[in-house]
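What you see below is based on every heavy atom in this structure, not just the backbone, and it leaves out hydrogens, waters and symmetry mates.
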Amino acid sequence: MRQEQLIFIPAPGVSHLVSTLEFANRLIDRDDRILITIVYMKSPSTPLAELYTRSIADSQPRIQLVYLPRVDPPPSELLNSPEKFIYAFVENHVPKIKDTVRKIISSSSNSDSARVAALVLDFFCLSMIDVGTELGLPSYLFLTFNAGFLGFMLHLPTRHNQISTEFTDSDPELSIPGFVNAVPPGVLPSSVFNRDGYSTFIKLAKKFRETKGIIVNTFTEMEQRALDSFSDGQTPPVYAVGPVLDLKGPDPGLDQAHRDNIMKWLDDHPPSSVVFLCFGSMGSFGRTQVKEIALGLERSGHRFLWALRSAPLKDIMPKGFLERINGKGMICYDWVPQVEILAHKAIGGFVSHCGWNSILESLWHGVPIVTWPLYAEQQFNAFWMVRELGLAVEMRLDYRIGADLVMSDEIERGIRRVMDGDNEVRNKVKEIGEKARKAVIDGGSSSISFGHLIEHMVRQQ
Ligand SMILES: O=c1ccn([C@@H]2O[C@H](COP(=O)(O)OP(=O)(O)O[C@H]3O[C@H](CO)[C@@H](O)[C@H](O)[C@H]3O)[C@@H](O)[C@H]2O)c(=O)[nH]1
């Protein structure tokens, strides 16, 4: 049996790795011929991502991890800017590693018993498609975002042909094939309002159609309309293979006592009575916003589990807050086992920044979200879930980190809306969660799509 090697080039953040590595595992489970090489970019700022990637590679002999040598990082003023991060990564970092990646791929020799079949690229690494082309290898995009966002990316070059400058707040709403509603510019990623960020988006968007296929972490039952719009004869085949979730969570080193403490606390509360607040791998707030959240939580009267993810801020909490919430609320200053928490029956709602993994994990467990997007494509995701799919309730759709404060009364209203609101969204979320589980089992839509993808990837040469 000839082995088929796939070379994955993921972005180094944990939230991109979590679905990418789970996808790699599923490919291996599905097909004995497949071997996977992960080309890993070490970064001192992502120790958890490295630990997680190592643990996956250690547990699966058919996944090989190749570390790229460190290169000088892009200037920190670019890396730390939400508008310029994509420009910094794509235009400054990726070019510095291209040669090494080319060498790694070239040295992954083809033989009678094994061949390199394809590259699997993250959105942020899509310009590596040039390396694939030089070496005569097909490239696939593994998109860690949703099909709605894919629709936006595929539409960008059309918009660019008419208006070739970055977006502005006064731009008209966008009409995108496959969308019910026009898209207000306020929900687009902040990078597209910046000249450099916009040019990077256009560059990447043009590459989408050069891929051999686009793999999306979604499922047909949820995003049928958007997915149908890609059968336009111009878009490469799109494979909806999700939800691709690691239900154990991307945190192999998490302290067991911390985990147990949270789970024990949840065990003491009635079903669907606790609202969970967590803002992804990087989301945190300044002191004044933290105080408003505390006030909003208290006024809502609901039990809560709040992943605050910053040093204990006892001095800025409202006076007497920590004593008053005793027993009714739990604040965690550290990473929490989010997937396990969402699976707990005590959780009744989720205040989320709308990262795509968080959304999928929440739907999977039938927990409705109230939207509080912060950066990246999260505003778009909030719009998509609330306005297009009716699968979340709105606190904010277009909030951006560092913008105005979200005041306690708005937070209180948002929490009440998700915890006490009518059951329409909750029921829809439960239903779609069941459909998600069916999609990935044998004969389900994503499982079938997965099969087509493997055929395409390993039989096409
Ligand atoms: O305390 C925590 C915080 C996060 N997580 C997990 O970390 C992942 C976070 O992923 P996601 O919800 O997608 O959020 P981000 O970390 O913000 O993800 C980035 O990557 C996503 C996928 O590409 C994008 O949708 C987001 O906008 C982008 O910010 C999820 O698996 C969470 O379960 C935990 O387990 N515990």
Side-chain angles (χ1 to χ4, degrees), residues 10-11 15-16 19-20 23 86 90 119-127 129 139-160 167 174-183 185 187-189 191-192 197-198 200-245 354-360 363 373 376-385 387-389 391 432 436 439 445-446 449-450 452-453 456-457:
S15 43
H16 284 241
S19 54
T20 308
F23 171 62
I86 189 163
V90 173
L119 307 186
V120 178
L121 307 174
D122 184 83
F123 173 74
F124 283 98
C125 304
L126 197 52
S127 48
I129 202 169
S139 293
Y140 290 78
L141 166 64
F142 179 75
L143 194 66
T144 56
F145 310 124
N146 53 50
F149 192 75
L150 173 56
F152 164 68
M153 288 306 293
L154 292 170
H155 178 70
L156 262 187
T158 310
R159 186 256 180 201
H160 188 67
F167 284 84
L174 285 177
S175 283
I176 302 181
F179 286 45
V180 179
N181 298 289
V183 183
V187 302
L188 299 178
S191 307
V192 300
Y198 176 74
T200 309
F201 259 84
I202 291 296
K203 182 174 172 175
L204 294 176
K206 288 181 176 163
K207 297 238 172 267
F208 275 47
R209 289 207 165 90
E210 292 175 31
T211 62
K212 271 277 182 267
I214 301 173
I215 308 154
V216 195
N217 190 6
T218 190
F219 55 107
T220 313
E221 290 74 3
M222 178 165 64
E223 294 194 90
Q224 176 100 51
R225 193 185 163 101
L227 289 164
D228 284 349
S229 74
F230 306 139
S231 310
D232 56 0
Q234 296 168 37
T235 308
V238 173
Y239 302 94
V241 299
V244 182
L245 302 175
C354 301
W356 189 235
N357 296 297
S358 292
I359 290 176
L360 288 176
L363 293 174
E377 90 304 5
Q378 295 153 17
Q379 290 77 14
F380 176 86
N381 293 345
F383 162 83
W384 190 244
M385 296 306 290
R387 293 280 157 81
E388 287 279 316
L389 305 183
L391 284 169
I432 207 75
S445 61
S446 292
S449 184
F450 214 102
H452 293 317
L453 169 68
H456 195 242
M457 266 180 162

**Report entry** Minimum heavy-atom distance N381-W356, with the two atoms named
**Finding:** ND2-N, 3.9 Å

Requested in this report: Taking N217 for its side chain and V244 for its backbone only, find out whether a donor-acceptor pair lies under 3.5 Å.
Outcome: yes

Query raised in the report: Does the pair R209 and L154 meet the rule for a side-chain contact (heavy atoms from CB on, under 4.5 Å), with working shown?
Result: CA-CA 8 Å; R209 289 207 165 90; L154 292 170; 3.9 Å; yes

Query raised in the report: How long is the span from the OG atom in S191 to the CD1 atom in I86, to the nearest 0.5 Å?
Result: 5.5 Å

Query raised in the report: So do V183 and F152 actually touch side chain to side chain, heavy atoms under 4.5 Å?
Result: no

Query raised in the report: Would you call I214 and M153 a side-chain contact if the rule is heavy atoms closer than 4.5 Å?
Result: no

Query - Side-chain donor/acceptor of W384 to backbone N/O of N146, under 3.5 Å - result: no

Requested in this report: Applying side-chain contact (heavy atoms from CB on, under 4.5 Å), run through H155 and F179 and close with a yes or a no.
Outcome: CA-CA 11 Å; H155 178 70; F179 286 45; over 6 Å; no

**Report entry** Spacing of S446 atom OG and E221 atom CD [to the nearest 0.5 Å]
**Finding:** 6.5 Å

Query - Heavy-atom side-chain proximity of L174 to L188 below 4.5 angstrom - result: yes

Report task. Fit a plane to each ring of Y198 and H160, take the angle between them on a 0 to 90° scale, and name the class: parallel (under 30°), tilted (30 to 60°) or perpendicular (over 60°). Result -> tilted

Query raised in the report: What's the verdict on side-chain contact (heavy atoms from CB on, under 4.5 Å) for R387 and V187, showing C-alpha distance, side-chain angles and the deciding distance?
Result: CA-CA 12 Å; R387 293 280 157 81; V187 302; over 6 Å; no

Query raised in the report: How long is the span from the CD atom in Q378 to the CD1 atom in I359, to the nearest 0.5 Å?
Result: 8.5 Å

Requested in this report: To the nearest 0.5 angstrom, please state how far the CG atom of L156 sits from the CD1 atom of I202.
Outcome: 4.5 Å

Query raised in the report: Taking all atoms of both residues into account, what is the closest heavy-atom pair of G242 and A439, and its distance?
Result: O-CB, 4.2 Å

Query raised in the report: Hey, is the main chain of V180 close enough, under 3.5 Å, to the side chain of E388 for a donor-acceptor pair?
Result: yes

Report task. Specify the closest pair of heavy atoms between A147 and V216, including all atoms of both residues, with the distance to one decimal. Result -> N-CG1, 3.9 Å

Query raised in the report: Just how far is it from atom CE of M457 to atom CG of L119, taken to the nearest 0.5 Å?
Result: 9.5 Å

Report summary line: To the nearest 0.5 Å, atom NZ of K212 lies from atom CD1 of I129 at 9.5 Å

Requested in this report: Please check if the side chain of S449 supplies one atom and the backbone of V241 the other of a donor-acceptor pair under 3.5 Å.
Outcome: no

Query - Non-hydrogen atoms of L227 and T220 that approach each other most closely - result: CD1-CA, 3.6 Å

Query raised in the report: Does the pair F123 and T144 meet the rule for a side-chain contact (heavy atoms from CB on, under 4.5 Å), with working shown?
Result: CA-CA 8 Å; F123 173 74; T144 56; 5.6 Å; no

**Report entry** Nearest atoms (heavy-atom pairs only) where I176 meets G151
**Finding:** CG2-O, 3.6 Å

Query - Step-by-step ring pair (Phe, Tyr, Trp, His ring centres under 6.0 Å) determination, F23 to F450 - result: CA-CA 10 Å; F23 171 62; F450 214 102; 5.6 Å; yes

Query - Any side-chain heavy-atom pair of L363 and M222 under 4.5 Å - result: yes

**Report entry** Heavy-atom side-chain proximity of L143 to V238 below 4.5 angstrom
**Finding:** no

**Report entry** Side chain to side chain, M385 and C354, heavy atoms closer than 4.5 Å
**Finding:** no

Query raised in the report: Between E223 and G148, what is the shortest heavy-atom contact and its length?
Result: OE1-N, 3.0 Å

